[in-house]
Amino acid sequence: MMRVQLINPPPYQRVDRYDTPDFTRLGLACLAAKLRVDGFAQVDIVDAKFERLSYDAILERVRQYRPDVIGLTAFTNEIKPASQMAAMVKALSSQIHTVVGGVHATVLPERTLREFASFDSVVIGEGEIIFSETVAALAGGTPLEKVAGLCFRRDGDIVRTAERERPQNLDALPPPAWDLLPPSPRYLFMTQRGCAYRCTFCANPNGRVVRTRSVDNAIAELEQIISRGGEELYVCDELFTANRERTHRLLDAMISAGIGKRLRWSAQTHVNLVDRELFAK
């Protein structure tokens with residue numbers, strides 16, 4: 001049975017609110033949920049930022065759990081701490097396969113492997129399916145070349161596999177495995193992925209096509225978050241109101257379920273995609 005441990009590494013220093021978050025890492029919860037659905041029951045998450053853990057404390061968790069695969073996530077400001085964590089894991093056991101994902105690795109997959117020797121492979125793009133297939137390949141001895149959306153080392157070379165199509169049916173993905181993380185006062189939540197705009201400051205890691213979850217699927221996760229004691233919610237859709245008609249249906253369902261009476265929430269969108277009626281609702 002493959003044992004997988006997912007880690008959100010600590011920052012080098014805690015200087016702003018993103019280094020001491022009051023929310024746990026949504027991406028790792030999504031990866032863990034897909035692994036479990038695909039039959040990998042031995043999954044653990046260590047959110048060092050939220051739990052305020054040191055590198056040594058994380059390494060002790062790794063020693064106790066004895067993983068076969070370590071998955072790390074990183075924005076650009078987090079890639080060096082992630083590589084340091086991977087190096088410490090490799091020093092503990094060179095047999096542990098280290099995988100990094102997230103925006104930085106997605107934009108610069110080959111460079112990430114060239115620059116940081118402690119990573120064995122890189123997941124490119126939305127990681128649930130790619131990472132689960134990577135774990136399955138490692139478990140079954142299948143060549144990693146068969147996993148689309150992956151960049152990895154082979155005999156001193158860096159190999160990039162075929163491009164992976166983005167998941168179109170988001171309802172087919174399981175809800176985040178929040179039960180593997182400590183309860184938190186604030187949660188990140190997504191109802192859709194993708195943005196059609198081409199802002200120069202944005203890497204747009206979820207692509208130019210907006211893909212949505214059904215309203216019922218989104219409401220079910222909101223109820224789960226509330227049941228865990230969530231007090232505040234940030235909807236991290238790139239464009240919450242990308243589809244005006246769907247947004248009204250979602251807001252109507254949230255009002256009907258009394259979501260706004262049970263937690264505070266906020267979202268972001270584009271000024272061209274709002275009107276008075278939408279703001280009022």
In short, salt bridge (Lys or Arg N to Asp or Glu O under 4.0 Å) pairs touching residues 177-186 with sequence neighbours left out are Asp22-Arg186, Arg36-Asp179, Arg186-Glu232
| field | Thr191 side-chain N/O to Ala218 backbone N/O, donor-acceptor pair under 3.5 Å | value | no
What one should report as the nearest heavy-atom pair of Ala32 and Leu180 is CB-CD1, 3.7 Å
Q: Classify the side-chain pair Asp38/Ser132 by whether it contains a donor and acceptor separated by less than 3.5 Å.
A: yes
Co-membership, hydrophobic cluster, residues Tyr187 and Ile45, 4.5 Å side-chain = yes
Taking atom CD as the centre, does Glu245 end up with more than 12 heavy-atom neighbours from other residues, nucleotides or ligands that are less than 6.0 angstrom away? yes
Practice item. For atom CZ of Phe75, decide whether the heavy atoms of other residues, nucleotides or ligands shown that lie under 6.0 angstrom number more than 12. Key: no
- Before giving the answer on side chain to side chain contact (heavy atoms under 4.5 Å, CB included), spell out for Leu108 and Glu115 the whole-Å C-alpha distance, their side-chain angles and the decisive distance to 0.1 Å. CA-CA 10 Å; Leu108 302 168; Glu115 192 171 353; over 6 Å; no
Take Leu28 and Asp47 through the test side chain to side chain contact (heavy atoms under 4.5 Å, CB included) and record every step on the way to the result.
CA-CA 9 Å; Leu28 296 186; Asp47 192 335; 5.7 Å; no
| field | Within-4.5 Å side-chain heavy-atom neighbours: Leu251 and Phe240 | value | yes
Margin query: Under a 3.5 Å distance rule, please check whether Arg213 uses its side chain to pair with a backbone N or O of Ile219 as donor and acceptor.
Written below: no
### Task
Kindly say whether Gly125 contributes a backbone atom to a donor-acceptor pair with the side chain of Arg166 at under 3.5 angstrom?
no
Q | Heavy-atom check, side chain of Leu233 versus side chain of Ile225, under 4.5 Å | A | yes
message: Donor-acceptor check, side chain of Ser256 to backbone of Asp252, threshold 3.5 angstrom: yes or no?
response: no
Quick check on Gln168: does its CD atom have over 12 non-hydrogen neighbours (other residues, nucleotides or ligands) under 6.0 Å away?
yes
Is there a side chain to side chain contact (heavy atoms under 4.5 Å, CB included) between Cys195 and Asn206 once you walk through the steps? CA-CA 7 Å; Cys195 174; Asn206 291 323; over 6 Å; no
Less than 4.5 Å apart, any side-chain heavy atom of Ile7 and any of Val62? yes
query = Where do Leu144 and Thr134 land on the side chain to side chain contact (heavy atoms under 4.5 Å, CB included) test, with the steps shown first?
reply = CA-CA 7 Å; Leu144 292 178; Thr134 301; 4.2 Å; yes
Should we count CD of Glu165 as having more than 12 external heavy atoms under 6.0 Å?
no
Residue pairs passing the salt bridge (Lys or Arg N to Asp or Glu O under 4.0 Å) test with at least one member in residues 193-202, sequence neighbours excluded, are Glu126-Arg193, Glu128-Arg193
- Are any non-hydrogen side-chain atoms of Gln42 and Leu35 less than 4.5 angstrom apart? no
With no hydrogens and no angle check, is any side-chain donor or acceptor of Arg153 less than 3.5 Å from a backbone partner on Phe119? yes
inquiry  = Looking at Arg249, I'd like to know if its CZ atom is crowded, meaning that more than 12 non-hydrogen atoms belonging to other residues, nucleotides or ligands lie closer than 6.0 Å.
reply    = yes
### Query
Side chains of Leu6 and Val4: does their closest heavy-atom pair fall under 4.5 Å?
yes
For Pro176 and Gln224, the nearest pair of non-hydrogen atoms, with its separation, is O-NE2, 4.0 Å
Residues pairing under salt bridge (Lys or Arg N to Asp or Glu O under 4.0 Å) where one sits in residues 84-93, two or more places apart or in two chains, turn out to be Lys90-Asp120
Side-chain donor/acceptor of Thr161 to backbone N/O of Gly149, under 3.5 Å: yes
key: Hphob cluster co-occupancy, Val210 + Leu173, side-chain heavy atoms under 4.5 angstrom   = no
When you check the gap from the basic side-chain N to the acidic O, do Lys34 and Glu133 get nearer than 4.0 Å? no
Under 3.5 Å: donor-acceptor pair, side chain of Arg228, backbone of Ser184 = no
(request) Report yes if some heavy atom in the side chain of Tyr197 is under 4.5 Å from a heavy atom in the side chain of Glu238; otherwise report no. (result) no
Checklist entry - With side chains defined as the heavy atoms from C-beta onward, is the minimum distance between Phe50 and Asn8 less than 4.5 Å? => result no
- Give a yes or no on this: more than 12 heavy atoms of other residues, nucleotides or ligands lie within 6.0 Å of atom NZ of Lys146. no
Taking every heavy atom of Cys151 against every heavy atom of Ile158, the minimum-distance pair comes out as SG-CG2, 3.6 Å
### Query
With hydrophobic residues grouped by side-chain heavy-atom distances under 4.5 Å, do Phe152 and Val147 end up in a single group?
yes
